[in-house]
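Everything numeric here is computed off the predicted structure, so don't read it as measured data.
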Amino acid sequence: MAGTKEIKTHIESVRETRKITNAMYLIASTKLRRARADLDNTRPFFEAVRGEIKRIFRTANDVTSQYFYPVDDDTPMVGTYGCLVITADKGLAGAYNQNAIREALKLLEWHPDTKLFVVGEYGRRFFDQHNIPIERSFLYTAQNPTMARAREISALLLDSFDARELREIFVVYTDMESAMSFQAHSTRLLPFHRTYFATPAGERAVTTPFEFLPNVTSVLDNMIQSYVSGFIYSALIDSFCCEQNARMTAMDSANQNAENLLGELSLQFNRVRQSAITQEITEVSAGARAQRQKKE
């Protein structure tokens, strides 16, 4: 059985670890609030862009674009696919990273001819260790998603898509479904289905004609580029929020485990100390009894 010194050392070690996990919990909660505020501030613009795309389809039903499947055709394209995988820079976030990587591996199994574009140090290390080739690794940190970085990623993916090097583009990210629930998703980014921008039956159809310069296809393609940048930025922010939420959950669980362990160690320390005191009293009593017997 461990002595009082060893137990006291263990207790101090757990207390120091609890300080670290508690600090990480507070940092993650602060980052989560800030990221949610950034997402709320930028979401109205991209919702407006989507609304304008829907209005174009209400106005010109026969518009064609390379960013959309043909009408009544959703057959998967033949050729090389691209997959943007968004992970964190470090662990200690529960199953957040593993879930995103699992979705990417499912896509690779379904379509082996897929090029990976990775955000996050955790994903880079995983694919390197498993000898899975990476087409492009974005070396900036996943801890600070910005619109400028989203535009850089979207420009690279769109250039490959426009050059027909990539026939379809997917994004693997983690979506925060609620404050306590998040799920990793593999979403096809390009090409879009027209139904994604379909007008609800209750909306009034456009009766006043619009004039598009130079033409409706050019206007639509330009708006799609902005929408893709917004989608990627939203995916980066959503993943970052989920990472911080997962880290908060993991650190809260670690704090609770530390409290339980400290309770058990304190109880064990008291038992060992009481046992030592009892043994000392017994030894003193036995020594005194032996002295009395010797005198008698």
Q. Can any side-chain N or O of Ser154 pair as donor or acceptor with the backbone N or O of Arg151 at less than 3.5 Å?
A. yes

| field | Atom CZ of Arg34 with >12 non-hydrogen neighbours under 6.0 angstrom | value | no

- Backbone of Gly79 reached by a side-chain donor or acceptor of His111 within 3.5 Å: yes

| Side-chain donor-acceptor pair present, Gln244, Tyr96, cut-off under 3.5 Å | no

- Query: Looking only at atom types and distance, does a side-chain atom of Asn22 sit under 3.5 Å from a main-chain N or O of Asn255, one as donor and one as acceptor?
  - Reply: no

d(Met147 CE, Leu236 CG) to nearest 0.5 Å is 9.5 Å

One should read off an interatomic distance between Asp159 CG and Asp162 CG, to the nearest 0.5 angstrom, of 6.5 Å

Q) Judged by atom type as modelled, is there a donor-acceptor pair below 3.5 Å linking the side chain of Thr87 to the main-chain atoms of Val119? A) yes

- Message: Are Leu107 and Phe126 linked, directly or through intermediate hydrophobic residues, by side-chain heavy-atom contacts shorter than 4.5 Å (ILVMFWY only)?
- Response: no

One should read off an interatomic distance between Leu105 CG and His130 NE2, to the nearest 0.5 angstrom, of 8.0 Å

Closest non-hydrogen atoms of Thr114 and Cys83, given as atom of the first, atom of the second and distance, are CG2-CB, 3.8 Å

Here the gap from Arg167 atom CZ to Asp113 atom CG, rounded to the nearest 0.5 Å, amounts to 12.0 Å

When every non-hydrogen atom of Ile134 is compared with those of Phe127, the smallest separation belongs to CD1-CB, 3.8 Å

Residues 92-103 vs salt bridge (Lys or Arg N to Asp or Glu O under 4.0 Å), sequence neighbours excluded, gives Glu103-Lys106

Requested in this report: Salt-bridge test for Arg149 and Glu152: reply yes if a basic N is under 4.0 Å from a carboxylate O, no otherwise.
Outcome: no

| Out of curiosity, does Ile86 fall in the hydrophobic cluster containing Leu156 (side-chain heavy atoms, cut-off under 4.5 Å, transitive links)? | yes

Looking only at heavy atoms, the pair that brings Ala88 and Asn97 closest together is N-OD1, 2.9 Å

To the nearest 0.5 Å, atom CG of Leu166 lies from atom CD of Glu135 at 7.5 Å

(Q) Please check: side-chain N/O of Ser234 versus main-chain N/O of Gly230, any donor-acceptor pairing under 3.5 Å? (A) no

I'd like to know whether Leu116 forms a side chain to side chain contact (heavy atoms under 4.5 Å, CB included) with Leu108, so could you lay out the CA-CA distance, the side-chain angles of the two residues, the decisive distance to 0.1 Å, and finally the verdict. CA-CA 9 Å; Leu116 295 179; Leu108 288 173; 4.1 Å; yes

So CZ of Arg125 and CG of Asp89: to nearest 0.5 Å the spacing works out to 8.5 Å

Backbone of Phe138 reached by a side-chain donor or acceptor of Arg124 within 3.5 Å:
yes

Query raised in the report: side chain to side chain contact (heavy atoms under 4.5 Å, CB included) between Ile169 and Leu84: does it pass, once the steps are laid out?
Result: CA-CA 8 Å; Ile169 297 177; Leu84 175 64; 5.8 Å; no

Nearest heavy-atom contact between Ala254 and Thr21 is CB-CG2, 3.9 Å

Mutual orientation of the aromatic rings belonging to Trp110 and Phe170 [parallel < 30°, tilted 30-60°, perpendicular > 60°]: perpendicular

Min side-chain heavy-atom separation Glu259-Arg18 under 4.5 Å:
yes

Review point. Are Ile232 and Ile224 connected, step by step, through hydrophobic side chains (Ile, Leu, Val, Met, Phe, Trp, Tyr) whose heavy atoms are closer than 4.5 Å?
Key: yes

- Item | Cluster overlap Leu190 with Phe117, hydrophobic side-chain contacts below 4.5 Å | yes

Applying the 4.5 Å side-chain criterion to the ILVMFWY set and letting contacts propagate, would Tyr81 and Val172 be lumped into a single cluster?
no

Sidechain-backbone polar pair: Ser239 side chain, Thr174 backbone, donor-acceptor under 3.5 Å: yes

